[in-house]
Amino acid sequence: MTLNRSEAPETPALSNFLRDIIAEDVRTRKYGDATIQTRFPPEPNGYLHIGHAKAICLDFGLADEFGGKTNLRFDDTNPEKEEQEYVDSIQRDIHWLGFDWERLCFASDYFGQLYEWALQLIRAGKAYVDDLSADQIRQYRGTLTEPGKESPWRNRSVEENLDLFQRMKAGEFSDGSRVLRAKIDMASPNLNMRDPVMYRILHATHHRTGDDWCIYPMYDYAHGQSDSIEQVTHSMCSLEFADHQPLYRWFIEQLGIFPSQQIEFDRLSLTYTLLSKRKLLQLVKEGFVNGWDDPRMPTLSGLRRRGFSPEALRTFINTVGASRTNGIVDIEMLEHFQRDYLNRRARRAMAVLRPLKLIIDNYPENQVEHVEVQNNPEDPSAGTRLVPFSREIYIEMDDFRELPPPKYYRLSPGKEVRLRNAYFVTAHSIVKDSAGNIVEVHCTYDPASRGGNSPDGRKVKSTMHWVSAAHAISAEVRLYDKLFSKPDPNDVPEGGTFLDNLNPDSLQILADARLEPSLAGATAEDRYQFERVGYFCLDPDSSETKKVFNRTLPLKDSWAKIEKKAGV
RNA sequence: UGGGCGAUCGUCUAAUGGUAGGACAGUGCCCUUUGGAGGCACUUGUCUAGGUUCGAAUCCUAGUCGCCCAGCCA
């Protein structure tokens with residue numbers, strides 16, 4: 001797998017509080033000679049999404065800035081939800097985003113050490129085996145405003161706790177019958193400190209350790225110590241873990257191990273987008289989208305298939321920054337950086353999405369010319385290509401109006417326009433079918449305007465794209481729009497669900513678009529701008545005989561804006 | 001109503017006691033062989049009330065509003 005890192009200059013580092021903290025720790029030599037060490041700790045229970053991309057850019061990017069290292073560590077402490085498929089997809093997606101880890105780690109690698117430490121805490125009288133049921137534990141925990149009650153099993157002897165815990169590990173007890181708890185403070189105003197569960201009994205097969213274990217550590221007991229084992233200096237996580245920080249520190253202090261520090265930042269939220277793993281999984285499982293990599297999904301695999309570029313994703317994330325406020329970023333900002341990248345890099349091509357035949361009555365019947373076209377006007381080094389032109393061509397249905405509305409500059413009866421890089425044409429007549437649909441437009445061309453300019457200096461208001469009918473290839477084009485129709489997909493009336501906000505028009509399939517012949521050679525790596533239409537890439541569903549293109553994003557469309565305004 | 005965290009243009013984010021700046025979005029104009037791109041300009045903001053200070057987005061006090069926490073999930 002190749003990294004995408006060097007393709008574009010990284011955006012300059014914007015100021016943010018995480019960088020400030022690390023810079024200060026470096027300045028004061030808080031960790032002595034130790035290098036900055038971070039980690040990205042996904043749970044392999046789903047695909048990575050753009051929210052994870054933020055964490056990845058921060059974890060890897062910041063460490064890199066300070067000459068540090070980053071481990072990829074799978075937080076695989078819950079065998080019931082985790083799968084190898086996710087372990088694989090996560091690694092693929094991180095690489096695609098442009099990062100590589102120092103070490104590949106698994107929390108499950110530390111199960112042995114974690115178990116030894118648990119014994120140590122028991123011996124120190126800091127942990128005990130509790131026979132209460134899950135229900136009872138919840139009742140004993142108290143509420144937000146009332147303190148909890150101590151479990152009747154809280155003061156067992158060290159010997160008994162040791163014996164019981166070893167037998168838990170040996171598989172003598174059934175799931176849920178006992179847990180190991182830290183002995184802290186049932187009256188703490190922080191519920192996380194009310195004797196949190198450290199281990200639960202789970203007779204489940206783990207994707208890495210198989211059936212070696214039937215007790216599994218909880219997140220709180222595993223995460224901080226895993227950080228400590230890896231000498232993580234800055235353990236960045238999202239805001240909802242702030243309440244866990246006292247517990248994170250408690251375990252490290254009781255154990256007297258390397259003092260990793262947790263720092264919380266805000267998650268990424270985007271308008272029109274859902275980033276809840278549970279809901280994303282539901283969309284996949286219930287078939288509202290076609291898999292985790294559906295181009296409408298905010299997953300990294302979905303964005304990749306959609307044609308988004310990792311460089312632009314990084315630019316976006318760096319621009320949005322990190323803080324401790326809960327904000328929602330406009331999806332337009334994401335799209336802006338994609339367009340910005342694609343405009344500079346994407347090869348141009350002409351493609352007619354909804355074909356309307358245009359017949360040039362005064363063009364010689366069997367003549368074919370090849371006009372020279374720039375591959376990318378933004379980048380002359382991309383060179384030129386030859387595109388065939390002939391008497392019968394296709395133009396976009398949108399580009400002809402029998403009755404043009406005000407400010408409509410495109411083709412209409414009597415109007416002259418430019419066919420891009422080819423000729424000026426003037427429309428004269430139309431042919432309709434029995435249902436009244438326009439099926440053909442007849443026009444004449446000005447032979448002197450070859451290349452797209454008239455020697456008499458005559459101006460036209462509009463330039464349109466086209467493809468030669470006889471030379472065009474047919475392809476399927478998939479147009480994507482936002483998956484949800486509301487800025488906040490969770491904004492539903494009483495009794496509704498986010499599914500009610502699914503945009504019914506998020507996918508539109510055009511079965512018979514006509515493309516210029518050069519597109520027959522498109523490969524999976526290519527990104528195109530179909531001129532005047534949008535950015536496109538080849539979908540993996542393509543076959544030798546049938547190409548399928550995904551629209552990454554449409555071009556900004558100021559005519560659509562004018563039209564909309566007039567309509568209102 | 002316990003605890004934790006937070007509040008700066010419509011949105012995201014800078015300013016770390018010394019000119020409130022940038023990006024996105026929006027609007028207008030210019031330019032254009034993509035109604036794309038580009039250029040120029042404009043608009044809008046420090047949650048409130050007090051206080052400290054020559055000077056406060058920044059420090060203090062009180063309030064208001066928002067988010068998170070009662071999994072044997074992470």
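A note on names: the letters A, B, ... follow the listed sequences, proteins ahead of strands, and every chain is numbered from 1.
Defined by atom type and a distance below 3.5 Å, a donor-acceptor pair is present between the side-chain atoms of A:Arg39 and A:Ser235. Side-chain N/O atoms of A:Thr384 and A:Gln374 include no donor and acceptor closer than 3.5 Å.
Just one of A:Phe265, A:Tyr248, A:Tyr219 meets the ring-ring contact (aromatic ring centres under 6.0 Å, His included) condition when paired with A:Phe241; it is A:Tyr219.
Atom CZ of A:Arg344 is separated from atom C1' of B:G36 by 15 Å (rounded to the nearest Å). Rounded to an integer number of Å, the gap from CG of A:Leu247 to P of B:G4 is 16 Å. Nucleotide B:U34 holds its P atom 17 Å from the CD atom of A:Glu396, rounded to whole Å. Rounded to whole angstrom, the span from the CD1 atom of A:Ile328 across to the C1' atom of B:G66 amounts to 11 Å. One can place CD of A:Glu378 at 10 Å from P of B:A37, the figure rounded to the nearest angstrom. The CE-P distance, from A:Met464 to B:G36, rounds to 16 Å in whole Å. Regarding A:Leu555, its CG atom lies at a distance of 14 Å from the C1' atom of B:G38, rounded to whole Å. If you measure from atom OH of A:Tyr341 to atom P of B:A37, you get 18 Å, rounded to the nearest angstrom.
Sorted by first and then second residue, the pairs that involve residues 268-278 of chain A and meet side chain to side chain donor-acceptor pair (under 3.5 Å), not counting sequence neighbours, are A:Asn45-A:Lys277.
The side-chain tip of A:Arg178 points at the ring of A:Phe173 from less than 6.0 angstrom away and within 45° of straight on. In this structure, A:Arg208 satisfies the cation-pi test against A:Phe106, with its NZ or CZ atom closer than 6.0 Å to the six-membered ring centre and inside 45 degrees of the ring normal.
Listed by first residue number, the stems of RNA chain B with at least three Watson-Crick or G-U pairs below 3.5 Å are B:2-7 with B:64-69, B:10-13 with B:21-24, B:26-30 with B:38-42, B:47-51 with B:59-63.
Atom C1' of B:C72 sits at a distance of 45 Å from the matching atom of B:C24, rounded to the whole Å. Here the separation of B:U53 from B:C69, taken at their C1' atoms, is 39 Å to the nearest Å. Spacing of C1' atoms, B:A23 relative to B:C59, comes out at 30 Å, to the nearest Å. Comparing the P positions of B:A74 and B:U8 gives a spacing of 34 Å, expressed to the nearest Å. Comparing B:U43 with B:C5, their C1' atoms sit 34 Å apart, to the nearest whole Å. The separation of B:G18 from B:C29, taken at their P atoms, amounts to 41 Å, rounded to a whole angstrom. Nucleotides B:G45 and B:U11 are separated by 12 Å at their P atoms, to the nearest Å. Only the P atoms considered, B:A49 is 13 Å distant from B:U58, to the nearest whole Å.
Remark: A:Phe308 pairs with no residue by the ring-ring contact (aromatic ring centres under 6.0 Å, His included) rule, at least two apart or across chains. Every side chain to side chain contact (heavy atoms under 4.5 Å, CB included) that A:Pro447 has, sequence neighbours left out, goes to A:Tyr445. Annotation: side chain to side chain donor-acceptor pair (under 3.5 Å) contacts of A:His244 (sequence neighbours excluded): A:Asp220. Residues meeting the ring-ring contact (aromatic ring centres under 6.0 Å, His included) test with A:Trp292, sequence neighbours left out: A:Tyr47. Residues satisfying the side chain to side chain contact (heavy atoms under 4.5 Å, CB included) test with A:Arg450, not counting sequence neighbours, are A:Glu369, A:Val371, A:Tyr423. For A:Asp330, the side chain to side chain donor-acceptor pair (under 3.5 Å) criterion is met by no residue, not counting sequence neighbours.
Among the protein residues, A:Arg324 comes within range of the sugar-phosphate backbone only, with heavy atoms under 4.0 Å from sugar or phosphate atoms but none that close to a base. Within 4.0 Å (heavy atoms only), A:Tyr140 reaches no atom of the nucleic acid at all. Here A:Ala560 lies out of heavy-atom contact (under 4.0 Å) with every strand.
Both A:Asn453 and A:Val320 lie near RNA chain B, and the one whose nearest nucleotide falls closer to the 5' end is A:Val320. Nearest-nucleotide positions on RNA chain B for A:Phe17 and A:Trp559 put A:Phe17 closer to the 5' end.
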Output a table of donor-acceptor pairs, distance under 3.5 Å, between side-chain atoms of residues 404-411 of chain A and any protein atom two or more places apart or on a different chain; print 'none' if there are none.
| from | atom 1 | to | atom 2 | distance (Å) |
| --- | --- | --- | --- | --- |
| A:Tyr408 | OH | A:Asp398 | O | 2.7 |
| A:Tyr408 | OH | A:Asp399 | O | 3.4 |
| A:Tyr408 | OH | A:Phe400 | N | 3.1 |
| A:Arg410 | NE | A:Asp399 | OD1 | 3.0 |
| A:Arg410 | NH2 | A:Asp399 | OD1 | 3.2 |

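Look at A:Ser323 and you'll find a side-chain N or O under 4.0 angstrom from OP1 or OP2 of B:U13.
A salt bridge between A:Arg73 and A:Glu230 is present, with a side-chain N of the basic residue lying under 4.0 Å from a carboxylate O of the acidic one.
Ring centroid separation for the pair A:Tyr221 and A:Tyr199 comes in under the 6.0 Å cut-off.
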Nucleic acid footprint by protein, nucleotides 67-74 of chain B - heavy-atom cut-off 4.0 Å, B for base, S for sugar-phosphate alone
SBBBSBSB
Please encode protein proximity along nucleotides 21-27 of chain B as a string of B, S and -, counting only heavy-atom distances under 4.0 Å.
--BSSSS
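Contacts of residues 264-276 of chain A with RNA chain B (heavy atom under 4.0 Å): A:Asp266.
Glycosidic conformation of B:G71 is syn; the angle stays within 90° of 0.
More than 12 heavy-atom neighbours from other residues, nucleotides or ligands sit within 6.0 angstrom of CH2 on A:Trp559.
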